[in-house]
Amino acid sequence: MCGIVGYTGSQKAAPILLEGLKKLEYRGYDSAGIAVLNNKVIEVNKVTGRIANLCERTADGKNCPGTVGIGHTRWATHGAPTDTNAHPHMSNDGKFAVVHNGIIENYIALREELIQKGYRFESQTDTEVVVHLIEMYYNGDLKKAVIKTSARLQGSYALGVVCTDEPEKVYVAREASPLILGVGVGENYFASDVTALVSYTRNAIYMDDGEFAEITPDSITVFNPAGQPVEKKISRITWDVGSAEKGGYEHFMLKEIIEQPRAVKATIAPRIKDGEIILDETELTADYLTSINKIVITACGSAYYAGCAGKYAIEKLCRIPVQVELASELRYSDPLIDEHTLLIVLSQSGETADTIAAMKECKNRGATTLAVVNVVGSTIANTADFTLYTWAGPEIAVATTKGYSTQVSVLYLFALYAAKKMNRIDDKLYNDLLECLKTLPKKIQEAIDMNSAISTLAKKYHGVDSMFFIGRNTDYAVALEGALKMKEISYVHAESYAAGELKHGTIALVEEHQPVIALCCNEAIMEKTMSNIVEVKARGAEVLAVTFKDNHKIVSLADDVIFVPKIEMIFSAAVEIIPLQLLAYYVAKENGCDIDKPKNLAKSVTVE
Ligand code: AGP
């Protein structure tokens, strides 16, 4: 999705803007542009395609003098990806340039109004109405023009505005789209994502909905929608520059797969003290937990599948019903949610539009909301009643890996914590499971080490048209995520099925050489899954089984076997997913795909 950056200071702005935009490339985009203010003139450069084209056009920014500017990467929504539709957009009088993330929902009515008033539109974008509204409302006071413009906009926006009359200033405004201000010394920044700021400053101000800010090289003033200044806290960015870079790996995805033991350890270890799970970021007391009658987990994509894996652990240990709902469905389903519901919201980015909307809907119906989020200060983290951060560090690859495994790990922690608080688990089982959970980072490392040769297997399983992923119970939850990983980065059609469902229809599709990835780590129902392997084998399928170390029963049934270390069944998803992430990665590599930036996908889906 789109990304924005801005700078005001004493250095040349263009190289800083271009570097910032490069850090946002991972979000997915199809065009990019910058606007730099120099001697009261705004110079705009924008191109379709990669930021490299913009760097080439501007000689890495050296050809653009000026110390104040704004930049944008666009992921087309309204209008094709063309140079004209790329941001920044200019006012007719050449006085203002604007960059925008989000969607202006009432842009058609605004566009008609502005055209009638004589404003000329160059692009097909929703954004262009913003710059013409500012031009219309400007009478020498940019702050007032921004207030009046914001009041006319419906939808979501993070805006950056420069004006030739106020050559040192940048204005920004936020509504339902992330916006972070970077606090420097004699220079200041803004961006839609901390990864664009972290090379320049670690001091950040997270803007809230409805706020706007005036940024000069020496000051940042944040205002509420009425234009009154508000006190904002300066937060420290803890992510290091290295973790936002590839560090010698060919792709971010591979780096992030390898980082999972560290990410899971950073997420769970600080929350286990003296044999107890401490979730002191929350107020999930025994009284509260015993007062609820169900838990609803909501999320999108992989985060939803993390919820599917977590459901088994929570239901098994807490004996409370857990519903896992796709956020895009939940929000429109008139959900049966009230003050006796705990809503758990999972999101790596904390900015997924559907998840935010579902969460707000459930909050309005009285649910208590617990967010499990990776990005500090994100909208979901700020909106929830309580937030448990997954300390995975920045996740750059579009396909999530460490985001998923850390979400699952937090749900495991929560399951055990809640079971103890609700008095649904005896001390022995609690202690045994806690000891087991502590070994999770080590087991994930073993799963990575045991599968270093998976690239060879990928040579056999690449180039096919479709794959089936099957499993039962916890294995089924992993099959869902395994299939998503495969399709999103390798472009192979991959379907996941509860293994027992095959015979109710899907088995009709199984033919000679059809690859079937069979997950068999759940010992309790292994015999049943083995029967399903036999069924698909009888129809000519090529079966790749995933099972725990030393389980040789499967070897004689399957064509190929991937082993993972054995762990308590309810915690197995975080381990079992590792070879499937690696398989998807290496199949995508064999298929020649753009692994970190798969086609049509964006890292953070900030539109509905
Ligand atoms: C997973 O690899 C995808 N990139 C996608 O399904 C993602 O998990 C989903 O869009 C949710 O994102 P979030 O965790 O940032 O809310």
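Just follow the structure's listing: the first ligand is 1, and inside any ligand the first atom is 1.
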Any idea which of M253, E351, Q407, Q348 brings a heavy atom closest to atom 14 (O) of ligand 1?
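That would be Q348.
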Any non-hydrogen side-chain atom of [X] less than 4.5 Å from a side-chain atom of [Y]?
X	Y	answer
L336	K294	yes
E361	L330	no
F414	L284	yes

Identity and separation of the nearest protein heavy atom to [atom]:
atom	value
atom 12 (O) of ligand 1	T352 OG1, 3.5 Å
atom 11 (C) of ligand 1	C300 O, 3.3 Å
atom 15 (O) of ligand 1	S349 OG, 2.7 Å
atom 4 (N) of ligand 1	V398 O, 2.8 Å
atom 2 (O) of ligand 1	E488 OE2, 2.5 Å
atom 10 (O) of ligand 1	V605 CG2, 4.1 Å

Ion pair present between [X] and [Y], side-chain N to carboxylate O less than 4.0 angstrom?
X	Y	result
R365	D334	yes
K22	E25	no
K23	D193	no

Would you say A399 has any N or O atom under 3.5 Å from an N or O of ligand 1, going by distance alone?
no
Would one find an N or O of S347, backbone or side chain, under 3.5 Å from an N or O of ligand 1?
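It does: an N or O of S347 is found under 3.5 Å from an N or O of ligand 1.
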Show the atoms of ligand 1 that are less than 4.0 angstrom away from any heavy atom in [X].
X	value
G301	6 (O)
K485	1 (C), 2 (O)
A303	8 (O), 14 (O)
S302	1 (C), 2 (O), 6 (O), 8 (O)

Heavy-atom distances under 4.0 Å are what count here, so tell me which part of T400 touches ligand 1: side chain, backbone, both or neither.
both
Mind checking whether Y585 and H251 have parallel, tilted or perpendicular rings, split at 30° and 60°?
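Geometry flag for H251 against Y585: perpendicular rings.
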Test of understanding: with side-chain contact (heavy atoms from CB on, under 4.5 Å), list the residues that count as partners of V376, not counting sequence neighbours.
Y206, Y389, W391
Please tabulate, one pair per line, all N/O donor-acceptor pairs under 3.5 Å involving side-chain atoms of residues 568-578, not counting sequence neighbours.
{"from": "S572", "atom 1": "OG", "to": "E576", "atom 2": "OE1", "distance (Å)": "2.5"}

